[in-house]
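Reviewing the structure listed below.
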Amino acid sequence: MRKFQVYDSLAREVREFAPLVPPRVGIFVCGLTPYAPAHVGHGRGFVVFDMVARALRRWGYRVLYVQTVTNVDDKVIARAAEEGADPLALSDRYFREYLECAEALGIRSTNYYAYATDHVPDIIAQVQALVDRGFGYVASDGSVYFSVARFPGYGRLSGQKVAALQPGARVERDERKQAPEDFVLWKAARPGEPSWESPWGPGRPGWHIEDTAITGRIFGPRYDLHGGGLDLIFPHHEAEIAQAESATGEAPLVNYWMHWGLLNMGGEKMSKSIGNVSSLEGAIETHGAAVLRFYYLNAHYRSSIEFDPQSSLREAGEAYATLARPADRLFDLLHADGPERAGADLPSARADAAEALVEQLDQTLAQDFNSREAIALLFGWSRRLAEDLGSLERLSGPALEQLASPYRWGQDVLGLFERAADGRGGVGGAVVAVLLQARQRARARGDFAEADRIRQELRAAGVVLEDDATGTRWSAVRD
RNA sequence: GCCAAGGUGGCAGAAUGGUUAAUGCGGCGGACUGCAGAUCCGCUUCCUGGGGGUUCGAUUCCCUCCCUUGGCUCCA
């Protein structure tokens with residue numbers, strides 16, 4: 001297991017990571033509340049944690065990565081009422097849409113997406129434990145609240161003091177609560193809303209309880225790593241700590257808290273409630289999932305980033321094209337001829353440099369997941385390879401693999417450099433190859449009118465040609 | 001008001017108690033090319049919010065002020 005360091009929001013410092021039960025690592029991330037299409041801001045944290053899980057697995061940890069889906073809550077219910085739809089069907093539909101985006105983005109390290117509604121018995125059991133231990137109280141209408149005053153550690157994660165909070169400023173006072181800072185564990189049912197039977201009558205889970213009920217079920221009272229957006233620290237993560245540690249009597253609930261920075265647009269955070277959203281699906285369609293993934297990882301996960309719909313992904317696309325070009329060329333050659341292809345060996349200095357770079361990439365990422373710095377190193381490698389792109393043809397399969405090893409690292413950990421399904425195979429690819437040969441013969445005899453005609457007709461069919469020193473390359477484009 | 005995270009070149013965005021503060025985008029110049037396009041090379045040395053302090057030396061550590069964002073409602 002490779003050692004690594006991570007910034008822990010609770011300790012407010014970078015700490016050496018040590019699992020509770022090596023080599024196992026339990027990772028939990030607060031996922032979506034699917035009541036509307038996912039936006040570009042949502043994708044960031046999930047890509048970041050996908051990278052975290054990939055890295056830990058590469059480094060020898062056995063990761064169990066769980067993410068919640070808050071498929072029943074006030075917003076889901078309100079939205080369903082607007083559309084005249086069933087709340088659970090609505091959240092299910094939006095979540096499936098998100099999963100398609102996640103798949104395109106190469107997010108595939110999550111082991112389990114836990115729907116809140118699939119864990120109602122766990123939730124009820126945890127609420128009951130809190131009532132039994134005197135941390136929860138039942139209000140007249142059958143709702144159950146957590147008594148913040150009973151938990152002295154409340155506010156430690158966020159730095160907030162209960163006395164300094166401003167209840168009533170933005171949240172309505174609620175006479176069912178004993179104190180304004182108390183939060184709801186179980187909400188009594190209202191007519192027409194989804195509800196489940198409980199010892200306190202029909203109702204549904206409160207805002208924070210599902211996460212700790214689910215992690216309790218899967219990891220037990222304590223686990224290693226919890227991730228989420230910066231905006232969830234208070235009250236959500238604070239409430240998780242309070243209710244879980246009170247329910248089990250064990251602490252700390254989480255050994256390392258990781259919070260990623262938010263994605264802003266127009267100077268404030270992208271948010272469904274503000275309305276400054278750019279849809280995730282749309283961004284993937286117009287710029288490609290690889291470019292979006294590159295954009296996210298091209299900044300340190302803790303910084304906030306400013307998203308400009310006009311330029312951010314266009315710039316990222318230019319940069320990613322430069323970065324990935326040598327990788328594409330290497331993988332093309334390996335794909336065409338296989339790893340056994342004959343050719344020259346790599347000079348040993350070059351081979352050593354590749355090996356050293358891979359180690360450096362791991363070390364860089366092990367420093368609080370500095371993906372930006374890792375990408376800068378990969379740019380350095382691409383720049384060196386760019387100089388001799390033309391002479392790659394001479395190299396053997398193993399030599400090409402050595403040159404490609406930093407990009408293999410990028411595939412493995414960052415999820416970049418994946419070869420898209422480019423339509424080059426099959427009958428279509430064979431036909432294009434024949435046309436390219438015909439065009440090449442025309443060029444050779446100086447019949448440029450014919451050569452250009454072939455190029456134009458292929459373009460009309462969605463195939464773009466580019467000539468360079470090594471010949472003609474083609475790619476399928478979408479219009 | 002209180003809490004938290006930040007303020008780096010035209011832009012995006014790293015790092016560091018000490019030679020020219022990454023990397024990319026953009027810009028400029030050149031090479032290559034039948035043409036397109038793309039690519040490659042070079043340049044872009046005057047960038048670390050203001051003011052104090054510690055130090056031989058601070059952008060990095062400390063104090064303070066200003067500003068931005070997030071949180072004190074649901075929120076990735």
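So that the names make sense, note that chain A is the first sequence line, chain B the second, and so on, each numbered from 1.
- For a distance-only test at 3.5 Å, the side chain of A:Arg372 fails to qualify as a donor-acceptor partner of the base of B:rA15.
- If you check B:rG24, B:rG6, B:rA76 against the side chain of A:Arg302, the one that comes closest is B:rG6.
- Looking at heavy-atom distances under 4.0 Å, A:Gly41 makes contact with a base.
- Between A:His39 and A:Phe448, it is A:Phe448 whose nearest contact on RNA chain B lies nearer the 5' terminus.
- Counting any heavy atom pair closer than 4.0 Å across all strands shown, A:Thr33 reaches sugar-phosphate atoms only and no base atom.
- B:rC2: Watson-Crick or G-U partner is B:rG71, with both key distances under 3.5 Å.
- Among the protein residues, A:Trp260 comes within range of the nucleic acid bases, having at least one heavy atom under 4.0 Å from a base atom.
- If you check every strand for non-hydrogen atoms under 4.0 Å, A:Leu263 touches a base.
- Nucleotides B:rG71 and B:rA76 are separated by 12 Å at their P atoms, to the nearest Å.
- A sub-4.0 Å separation between OP1 or OP2 of B:rC72 and a side-chain N or O of A:Lys161 is absent.
- As the counterpart of B:rA58, no nucleotide is assigned, since no Watson-Crick or G-U wobble pattern has both distances under 3.5 Å.
- One atom, NE2 of A:His300, and another, P of B:rG7, lie 12 Å apart when rounded to the nearest Å.
- OP1 or OP2 of B:rA14 lies within a sub-4.0 Å distance of a side-chain N or O belonging to A:Ser303.
- In this structure, A:Ser311 reaches neither bases nor backbone, as no heavy-atom distance under 4.0 Å exists between it and the strands shown.
- Remark: B:rA12 base-pairs with B:rU23; criterion is Watson-Crick or G-U wobble with both hydrogen-bond distances under 3.5 Å.
- Aromatic ring centroids of A:Tyr301 and A:Phe49 lie 6.0 Å or more apart.
- Nucleotide B:rU45 forms no Watson-Crick or G-U wobble pair with any nucleotide shown, as no partner meets the under 3.5 Å limit on both distances.
- For A:Asn264, taking side-chain heavy atoms from C-beta onward, the closest of the listed nucleotides B:rA76, B:rA14, B:rU69 is B:rU69.
- Counting non-hydrogen atoms under 4.0 angstrom, A:Arg383 reaches the backbone sugars and phosphates but no base.
- Of the charged side-chain nitrogens involved, none lies within less than 4.0 Å of a carboxylate oxygen, so that A:Arg325 and A:Asp328 do not count as a salt-bridged pair.
- Judged by closest nucleotide on RNA chain B, A:Gly267 is the one of A:Gly267 and A:Met270 placed further toward the 5' end.
- Within the 4.0 angstrom heavy-atom criterion, only backbone atoms of the sugar-phosphate kind lie near A:Gly229; the bases stay farther away.
- Dashed line: the shortest gap from a side-chain N or O of A:Lys75 to OP1 or OP2 of B:rU73 is not under 4.0 Å.
- Looking at heavy-atom distances under 4.0 Å, A:Leu465 makes contact with a base.
- Remark: the A:Asp467 side chain and the B:rC35 base include a donor-acceptor N/O pair separated by less than 3.5 Å.
- OP1 or OP2 of B:rA12 has not a single side-chain nitrogen or oxygen of A:Asn298 nearer than 4.0 Å.
- Among the protein residues, A:Ala376 comes within range of the nucleic acid bases, having at least one heavy atom under 4.0 Å from a base atom.
- Judged by centroid separation below 5.5 Å and plane tilt below 30°, A:Phe234 does not stack onto the base of B:rG71.
- Taking a pair to require two hydrogen-bonding distances under 3.5 Å in either a Watson-Crick or a G-U wobble arrangement, B:rC40 pairs with B:rG30.
- You'll find a donor-acceptor pair under 3.5 Å spanning the side chain of A:Arg455 and the base of B:rC35, going by distance alone.
- Residue A:Thr322 places its side chain closer to B:rC25 than to any other of B:rA4, B:rG71, B:rC25.
- One finds no side-chain N or O of A:Arg439 lying less than 4.0 angstrom from the OP1 or OP2 phosphate oxygen of B:rC35.
- Across all strands shown, A:Arg443 has heavy atoms under 4.0 Å from base atoms, whether or not it also approaches the sugar-phosphate.
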